[in-house]
2 protein chains.
Amino acid sequence: MKQRPYHHGNLRTALLAQAERTVREQGVQDLSLRELAREVGVSHGAPRRHFPDRQALLDALAEAGFARLGAELSSAMEGAGEDFQARLRATAAAYISFATSDAALLELMFAGKHREQSGALHEASDRAFSVMLELIQRGQAEGVLERGEPERVGLVLFATIQGIAALVTGGMVGAEQLDELVVDAIAHFLRGSRVAA
Amino acid sequence: MKQRPYHHGNLRTALLAQAERTVREQGVQDLSLRELAREVGVSHGAPRRHFPDRQALLDALAEAGFARLGAELSSAMEGAGEDFQARLRATAAAYISFATSDAALLELMFAGKHREQSGALHEASDRAFSVMLELIQRGQAEGVLERGEPERVGLVLFATIQGIAALVTGGMVGAEQLDELVVDAIAHFLRGSRVAA
DNA sequence: ACCTGAACACCGTTCAAGT
DNA sequence: ACCTGAACACCGTTCAAGT
């Protein structure tokens, strides 16, 4: 029954995992480095080796969040078959699902963007958004979306999806209106995008 | 040169004003009741009479935020002449201007919604959004927007505007792309809304 | 009715010291 | 290389006491 002299294999990973849980259940405000250390079983000074300060931990959380978001978007998109509209709907639903189950984390991910990019954070966020861009390009190839830079064409779509997520997590839209709103918004977007002819 | 025995006229108002400034300049995280009291010149226990705890101050900030947002939206709308599209653009611009100059406050306003409504907070937010609803109804009357409950028709529009604000404050869209994006989004929305015939 | 000031438990951060 | 534990300055919250 001896105590491990230091810590199990990877303190960094353990801290991140516990932090993600705490953020989801209690929000970012209530995330305390000292409590985290306690829960993981190390002294309050130990996290410092891995995260110089609280902000460093938050940045790492954001980076991990982008990685997971990218994976979930891309798996939703690929699991939706070949039809463009089905793919679009599935990807939007996956984004909103992430945004509502991890609202505090997503807020963190957005907030982290205006700080000095940690490099890794920026790359992780680019990878996540590349899934959306891929989708836009496909829509353009099929002639359903207007031509032009995918970044620009996709911006209105992405803004709408992000806004819906904000409305839901903000309590302005109930969960029961969500599906209808997504379908509505996408139909709206596609109607607005169809080339005149 | 005697010190005022207690405080000048209205401690509550002074605290709120200073808090709004701090939130704008430093964010919500750095808002400290003790520092606020110091800046306003009272002891750290004094705010308690007016705000039982930190959350009560945040709720009051959110309520004041909704009041100001409503006023700014409504003044933007009325100052834009009679043309519906001009009014829509002006109102959207006013919303995004509020969202970007007071990003932390807006976040607070959205976050406050899922807590137990303080009543006053709920009313203030309703009044702010009623400006948007009025606009939608006008669009419907002019036949530019589809019929149906204004709340439902306006939701996609509001989501898009809110999403654009989030993209800007999140740093995904630069200030120089903002105007183009707003025009784009509104044109997109109106195209998507036009009745088939 | 409104404010003060001591007290308590909690934080983030720093840093010498241990293994 | 990684972790401990004391120390410091700061918080939010509570509450008896002052005017």
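Throughout, protein chains are lettered first and strands after them, A, B, ... in sequence-line order, and every chain is numbered starting at 1.
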Could you tell me the separation between the [atom1] atom of [X] and the [atom2] atom of [N], rounded to a whole number of Å?
{"X": "Gln55(A)", "N": "dG12(C)", "atom1": "CD", "atom2": "C1'", "result": "13 Å"}
{"X": "His44(A)", "N": "dG12(C)", "atom1": "NE2", "atom2": "P", "result": "10 Å"}
{"X": "Arg12(A)", "N": "dC3(D)", "atom1": "CZ", "atom2": "C1'", "result": "17 Å"}
{"X": "Phe51(A)", "N": "dG12(C)", "atom1": "CZ", "atom2": "P", "result": "14 Å"}
{"X": "Arg54(A)", "N": "dG12(C)", "atom1": "CZ", "atom2": "P", "result": "6 Å"}
{"X": "Leu57(B)", "N": "dT13(D)", "atom1": "CG", "atom2": "P", "result": "10 Å"}

- [ ] Any chance you could encode DNA chain C as dot-bracket? Rule is Watson-Crick or G-U wobble with both distances under 3.5 Å; [ ] for pairs crossing earlier ones, | for another strand.
- [x] ||.|||||...|||||.||
Task: Residues in salt bridge (Lys or Arg N to Asp or Glu O under 4.0 Å) contact with Arg127(A), at least two apart in sequence or another chain - done: none
TODO: Could you list the residues that satisfy salt bridge (Lys or Arg N to Asp or Glu O under 4.0 Å) with Glu142(B), not counting sequence neighbours?
DONE: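 Listed in chain order: Arg138(B).
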TODO: State whether a side-chain donor-acceptor pair under 3.5 Å links Thr160(A) with Thr160(B).
DONE: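 On atom types as modelled, these side chains qualify, holding a pair under 3.5 Å.
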Open item on the list: Quick test of your reading of the model: are Arg68(A) and Glu20(A) salt-bridged, counting only N-O distances below 4.0 Å?
Closed with: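 Here Arg68(A) pairs with Glu20(A) in a salt bridge, since their nearest N and O are under 4.0 Å apart.
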- [ ] Classify the nucleic acid contact of His50(A) as base, sugar-phosphate or nothing, counting any heavy atom under 4.0 Å across all strands shown.
- [x]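 If one applies the 4.0 Å heavy-atom cut-off, His50(A) turns out to touch the sugar-phosphate alone, with no base involved.
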- [ ] Look at all strands and tell whether Arg49(A) reaches a base, only sugar-phosphate, or nothing, counting heavy atoms closer than 4.0 Å.
- [x] base
Open item on the list: Ring-plane angle category for His188(A) and Phe189(B), please: parallel below 30°, perpendicular beyond 60°, tilted otherwise.
Closed with: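 Rings of His188(A) and Phe189(B): parallel, under 30°.
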Open item on the list: Please enumerate all residues that pass ring-ring contact (aromatic ring centres under 6.0 Å, His included) together with His44(A), with sequence neighbours excluded.
Closed with: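 Testing His44(A) for ring-ring contact (aromatic ring centres under 6.0 Å, His included), a comparison that skips the adjacent residues, returns none.
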Open item on the list: Among residues 25-39 of chain B, which ones have heavy-atom contacts with DNA chain C below 4.0 Å?
Closed with: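 Arg34(B), in order of number.
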Open item on the list: Under the salt bridge (charged side-chain N to carboxylate O under 4.0 Å, His left out) definition, can you give me all pairs with a residue in residues 160-181 of chain A, not counting sequence neighbours?
Closed with: Glu180(A)-Arg152(B)
- [ ] Could you grab the distance from atom NE2 of His50(A) to atom OG1 of Thr13(A), nearest 0.5 Å is fine?
- [x] 9.0 Å
